[in-house]
Peer 1: 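This structure is in structure tokens; I'll ask about it shortly.
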Amino acid sequence: MRVRFAPSPTGHLHVGSAHTALFNWLYARHHGGAFILRIEDTDRSRSTDDNIASIIEALRWLDIDWDEGPPTPGYRQTERFDLYRAQAQHLLAAGGAYYCDCPPEQLERERKAAEARKETFRYSGRCRQRGLTAGALRLRMPDEGATVVNDLIHGAVTFEHRQLDDWILVRSDGTPTYNFSVVVDDVTMGITHVIRGNDHLSNTPKQIVCYEALGYPVPEFAHVAMILGPDRSRLSKRHGATSIQAFRDAGFLPEAMVNYLARLGWSHGDQELFSREELIELFDIKDVAPSAAIFDHSKLEWLNQQYLKRMDGGQLAQLAAPILAAAGLGRGRDPVWLSRVMDTLKERARTLRELVEVGRFYFERPEEYEPKAAARLFTAEGARRLALLIDELRTKGDFEPGSLEQLYRDLASRLGVGLVDLAQLTRLAITGRTASPPLFEVLALLGREETADRLRAALAAIGGER
RNA sequence: GGCCCCAUCGUCUAGAGGCCUAGGACACGGCCCUCUCAAGGCUGAAACACGGGUUCGAAUCCCGUUGGGGCCA
């Protein structure tokens with residue numbers, strides 16, 4: 001079996017497109033078939049090479065690989081015009097198509113009239129017998145009966161032929177229409193299963209008639225439900241980030257993205273987490289749901305965190321490196337140290353970006369202290385305790401989490417206060433915040449010198465305020 | 001407007017006539033754990049759009065209504 005993903009390079013790879021690409025890819029990998037990438041760039045005004053590069057980059061990032069497609073020549077529609085012309089001539093010769101020179105204005109009038117009668121506009125077919133040799137090329141459609149699309153997801157969907165008219169295959173300027181070029185491409189590429197968005201279901205009966213007129217077998221069809229925004233309209237830019245790159249840049253992992261997209265419209269019992277191998281093994285079209293799904297950002301974030309948590313510190317350090325660098329942090333740091341830092345952060349962030357934000361204090365001293373907490377903790381009593389801590393931390397122990405905790409516990413009981421009192425005071429002084437990874441790990445990672453410096457800075461800040 | 005698709009908690013979904021007192025997950029609330037925040041564990045609230053059939057029995061089958069989406073312009 002052979003499937004294809006055929007994006008129009010009019011923008012970045014949209015999550016909806018990525019969704020159908022993934023379903024095609026999973027289907028091919030599951031059944032050991034071929035996955036083909038084809039670029040539908042007939043709309044020359046909106047298609048750009050940059051967009052093609054961007055789509056390819058996004059697919060690579062998702063690790064969706066193709067068996068045939070760019071950069072091999074012949075997989076862009078603009079390179080295939082000879083094929084469309086040849087098939088059009090073939091149809092014309094066989095009598096399946098005919099030229100039409102009806103002026104657009106007249107067609108428009110008829111369309112309006114049909115609308116006024118509350119009927120479907122259907123081209124009259126008046127040029128059918130005229131034997132013209134130029135104009136727009138129309139496909140001769142049956143006047144009666146119906147075409148049934150046997151969809152793998154929706155079952156049998158019937159379209160009455162009186163709703164379908166002789167549609168244009170090739171415009172009078174010689175360019176093929178979308179529906180025609182798709183059929184020719186799928187036929188010449190030997191596509192056996194067309195898995196695409198539900199928005200193409202209405203086009204399918206026209207295409208089926210074209211396959212038959214051309215004398216080729218009709219492939220299987222599977223129309224996957226669309227992805228909607230929170231307001232139930234088609235997911236678009238006004239709902240926020242929609243391109244795969246945008247999610248990558250926001251700090252999502254490709255594994256999480258693939259897992260999330262796979263679970264949109266597909267499921268396998270109660271399971272939520274799937275490795276790539278599991279997806280390939282378990283995915284099947286028969287388990288794909290027919291109804292549209294709303295894109296849920298918070299579930300994606302949760303999934304991303306699940307993957308973050310399972311990753312080791314070293315990997316995370318590499319993945320976070322670009323974000324760290326962009327924030328001007330972490331330059332020249334020891335990889336082992338960075339890896340330990342990441343291990344303390346990964347359970348506290350849903351994205352790589354958040355991870356860097358949460359761990360910012362590891363790389364630079366706090367510029368300010370949370371005001372409410374400072375008012376509560378940075379008091380005269382707080383200053384006394386800080387001074388005591390500075391003194392204690394200067395010499396005692398080996399500055400490892402275990403001994404640091406012991407030191408704090410001892411001091412707390414000596415002062416007759418809770419561990420929490422000393423911990424929060426220190427946390428605020430060290431990170432500027434009241435929430436952070438476990439304090440003693442943080443202190444150990446920062447080291448004796450840095451810890452002492454930050455505590456002294458906090459002490460000075462208290463003094464300065466009073 | 002015509003045609004087509006869709007309809008289970010707020011969201012993703014399980015459910016293929018009796019297993020359903022409708023299950024899981026996200027999000028939300030509570031409790032536990034705990035140096036904070038998380039993570040984790042336990043727990044709570046939360047849905048079969050509506051109306052007719054079919055059947056001993058319907059979330060599941062059929063019809064209609066309503067609502068949402070798409071295609072054609």
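Predicted, not measured: the structure shown is a model, and the values here were computed from it. Naming: A, B, ... by sequence-line order, numbering from 1 per chain.
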Peer 1: Tell me whether A/Arg196 is salt-bridged to A/Asp186, with the criterion being a basic N under 4.0 Å from an acidic carboxylate O.
Peer 2: no

Peer 1: Across the strands shown, which category fits A/Gln306 at heavy-atom distances under 4.0 angstrom: base, sugar-phosphate, nothing?
Peer 2: sugar-phosphate

Peer 1: A/His154 side chain N/O closer than 4.0 Å to the phosphate oxygens (OP1, OP2) of B/rC6?
Peer 2: yes

Peer 1: Taking side-chain contact (heavy atoms from CB on, under 4.5 Å) as the criterion, tell me which of A/Asp287, A/Ile285, A/Leu22 meets it with A/Trp266.
Peer 2: A/Asp287

Peer 1: Find the distance A/Phe121:CZ to B/rC3:P and express it as a whole number of Å.
Peer 2: 17 Å

Peer 1: Once you apply a heavy-atom cut-off of 4.0 Å, does A/Phe440 come out as touching a base, just sugar-phosphate, or nothing?
Peer 2: base

Peer 1: Salt-bridge test for A/Arg385 and A/Asp421: reply yes if a basic N is under 4.0 Å from a carboxylate O, no otherwise.
Peer 2: no

Peer 1: Counting heavy atoms from C-beta on, name the nucleotide in B/rC4, B/rC6, B/rG69 closest to the side chain of A/Ser233.
Peer 2: B/rG69

Peer 1: Once you round it to whole Å, what is the distance between C1' of B/rU34 and CD of A/Gln424?
Peer 2: 12 Å

Peer 1: Regarding A/Thr426, tell me which of base, sugar-phosphate or nothing describes its non-hydrogen contacts under 4.0 Å with the strands shown.
Peer 2: nothing

Peer 1: B/rA45 pairs with which nucleotide, Watson-Crick or G-U wobble, both distances below 3.5 Å?
Peer 2: none

Peer 1: Measure from NE2 on A/His268 to C1' on B/rG15 and round the result to the nearest Å.
Peer 2: 15 Å

Peer 1: NA contact type, A/Arg427, heavy-atom cut-off 4.0 Å: base, sugar-phosphate, or nothing?
Peer 2: base

Peer 1: Provide, to the nearest angstrom, the distance between the CG atom belonging to A/Leu443 and the C1' atom belonging to B/rC35.
Peer 2: 11 Å

Peer 1: Would you mind pulling out the nucleotide paired to B/rC37, Watson-Crick or G-U wobble, both distances under 3.5 Å?
Peer 2: none

Peer 1: In this structure, how many angstroms lie between the C1' atom of B/rA39 and the CE atom of A/Met311, rounded?
Peer 2: 17 Å

Peer 1: Is there a Watson-Crick or G-U wobble partner for B/rU54 with both distances under 3.5 Å, and which nucleotide is it?
Peer 2: none

Peer 1: Just compare B/rU11, B/rU13, B/rA73 and give me whichever is closest to any side-chain atom of A/Ala293.
Peer 2: B/rU13

Peer 1: Counting the atoms with a prime plus P, OP1 and OP2 as sugar-phosphate, which does A/Gly197 contact under 4.0 Å by heavy atoms, base, sugar-phosphate, or nothing?
Peer 2: nothing

Peer 1: Can you tell me which nucleotide in B/rC5, B/rC71, B/rC12 comes closest to the side chain of A/Arg234?
Peer 2: B/rC71

Peer 1: Touch check for A/Arg263, heavy atoms < 4.0 angstrom, all strands: base, sugar-phosphate only, or nothing?
Peer 2: base

Peer 1: Identify which nucleotide among B/rC35, B/rG69, B/rU11 has an atom closest to any side-chain atom of A/Met226, counting heavy atoms from C-beta outward.
Peer 2: B/rG69

Peer 1: Check every atom of B/rA7, B/rU36, B/rC4 against the side chain of A/Ser436 and return the nucleotide holding the closest atom.
Peer 2: B/rU36

Peer 1: Which of these nucleotides, B/rA25, B/rC6, B/rC4, is closest to any side-chain atom of A/Val157?
Peer 2: B/rC4

Peer 1: Between A/Arg340 and A/Asp343, does at least one N-O distance fall below 4.0 Å, as a salt bridge requires?
Peer 2: no

Peer 1: When you get a sec, tell me which of B/rC35, B/rC26, B/rU36 is the closest nucleotide to the side chain of A/Leu439?
Peer 2: B/rC35

Peer 1: Could you check which nucleotide pairs with B/rA59 in any of the strands shown, counting Watson-Crick or G-U wobble with both distances under 3.5 Å?
Peer 2: none

Peer 1: Have A/Glu272 and A/Gln306 got a donor and an acceptor in their side chains that come within less than 3.5 Å?
Peer 2: no

Peer 1: So, does A/Ser267 get its side chain near the phosphate of B/rA14, meaning an N or O under 4.0 Å from OP1 or OP2?
Peer 2: yes

Peer 1: Is there, by distance only and without an angle test, a donor paired with an acceptor across the side chain of A/Glu347 and the base of B/rG40 below 3.5 Å?
Peer 2: no

Peer 1: Write down the distance between CZ (A/Arg348) and P (B/rC35), rounded to a whole number of angstrom.
Peer 2: 13 Å

Peer 1: Kindly confirm or rule out a cation-pi arrangement of A/Arg433 over A/Phe361, judged by NZ or CZ under 6.0 Å from the six-membered ring centre and within 45° of its axis?
Peer 2: no

Peer 1: Salt-bridge test for A/Arg263 and A/Asp296: reply yes if a basic N is under 4.0 Å from a carboxylate O, no otherwise.
Peer 2: no

Peer 1: Using both distances under 3.5 Å as the test, list the Watson-Crick or G-U wobble partner of B/rU21, or none.
Peer 2: none

Peer 1: Has the side chain of A/Arg433 got a donor or acceptor atom sitting under 3.5 Å from an opposite partner on the base of B/rC37?
Peer 2: no

Peer 1: So which nucleotide does B/rA7 pair with, by the Watson-Crick or G-U wobble rule with both distances under 3.5 Å?
Peer 2: B/rU66

Peer 1: Between atom CG in A/Asn304 and atom P in B/rA39, what is the gap in whole Å?
Peer 2: 14 Å

Peer 1: Has the side chain of A/Asp270 got a donor or acceptor that lies under 3.5 Å from a partner of the other kind on the base of B/rG23?
Peer 2: yes

Peer 1: Describe the nucleic acid contact of A/Ser298 in one word from base, sugar-phosphate, nothing, applying a heavy-atom distance below 4.0 Å.
Peer 2: sugar-phosphate

Peer 1: Under 4.0 Å between any heavy atoms, over every strand shown, what does A/Glu272 touch: base, sugar-phosphate, or nothing? Just pick one.
Peer 2: base

Peer 1: Below 3.5 Å, does any donor atom in the side chain of A/Lys309 face an acceptor in the base of B/rA39, or the other way round?
Peer 2: no

Peer 1: Using atom CD of A/Glu160 as one end and atom C1' of B/rG2 as the other, report the distance to the nearest whole Å.
Peer 2: 13 Å

Peer 1: Give one of base, sugar-phosphate or nothing for A/Pro205, where a contact means two heavy atoms less than 4.0 Å apart.
Peer 2: nothing

Peer 1: Using Watson-Crick or G-U wobble geometry with both distances below 3.5 Å, tell me the partner of B/rC72, or none.
Peer 2: B/rG1

Peer 1: Please classify the nucleic acid contact of A/Pro438 as base, sugar-phosphate, or nothing, using heavy-atom distances under 4.0 Å.
Peer 2: base

Peer 1: Please determine, for the side chain of A/Gln305, which listed nucleotide (B/rG70, B/rA38, B/rC26) has the closest atom?
Peer 2: B/rA38

Peer 1: Which residue is it: A/Leu308, A/Leu316, A/Val358, A/Val356? I am looking for the one with a side-chain contact (heavy atoms from CB on, under 4.5 Å) to A/Leu345.
Peer 2: A/Val358

